[in-house]
Enquirer: 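Before we start, here is the structure in question, set down as structure tokens.
We count residues from 1, following the sequence as given.
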Amino acid sequence: YEVEDDGTPIPIPTGYAQSRWDWHPKEIEGVKIEIKPELKPGDRVLVAWVNDGTDPVVLSKVVSS
């Protein structure tokens, strides 16, 4: 449910599903980034944009089912 800044629930109109995601920045020491050899230029990937939309982070390779 979507809520106000103080946590008070906002009524949801019938037929709508809403969610709220809260993210808190955290620095973690010793993080490794591994790029799998299977990931090649031209592959389709799922990307999350961070730092106000300036930096892309590849989350997953998109493949056919």
Enquirer: Extract all donor-acceptor atom pairs below 3.5 Å that involve side chains of residues 43-55 and protein atoms in other chains or at least two apart in sequence.
Expert:
| unit_1 | atom_1 | unit_2 | atom_2 | d |
| --- | --- | --- | --- | --- |
| D43 | OD2 | K40 | N | 2.7 |
| N51 | ND2 | D55 | OD2 | 2.5 |
| T54 | OG1 | N51 | O | 2.7 |

Enquirer: Report yes if the side chains of V57 and L59 come closer than 4.5 Å at any heavy-atom pair, otherwise no.
Expert: yes
Enquirer: Of all heavy-atom pairs between E38 and K61, which one has the smallest distance, and what is that distance?
Expert: O-NZ, 3.2 Å
